[in-house]
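Starting from 1, each residue takes its place in the sequence as its number.
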Amino acid sequence: MCVGLPARVINIKNGMALVDASGVKREISAALISSLDPGDYVMVHAGMAIAKITNNETDETDDILEDL
């Protein structure tokens, strides 16, 4: 099973994004997403942003993970 985690983009530089995932900051690849700005939310899997998501989707994912 693959699990993606939601994160908020803090900064983008040279194809890499600094993200905040529930208070944990880490650098990930942003190569798969063409237009990404600070403040956007992304789904992160295996160190890569795999999809841009909305804040509502972030809340929904957090609720599901909390239930698990």
Can you give the donor-acceptor pairs under 3.5 Å from side chains of residues 25-40 to other protein atoms, not counting sequence neighbours?
| unit_1 | atom_1 | unit_2 | atom_2 | d |
| --- | --- | --- | --- | --- |
| Ser29 | OG | Ala31 | N | 3.3 |
| Asp40 | OD2 | Asp37 | N | 2.8 |
| Asp40 | OD2 | Lys52 | NZ | 3.3 |

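Note on Ile50 and Met16: separate hydrophobic clusters, where clusters join Ile, Leu, Val, Met, Phe, Trp and Tyr whose side-chain heavy atoms are under 4.5 Å apart, directly or indirectly.
With values rounded to the nearest 0.5 angstrom, Met43 atom CE is found 15.0 Å from Met48 atom CE.
When all heavy atoms of Ala21 and Pro6 are compared, the closest pair comes out as CB-O, 3.7 Å.
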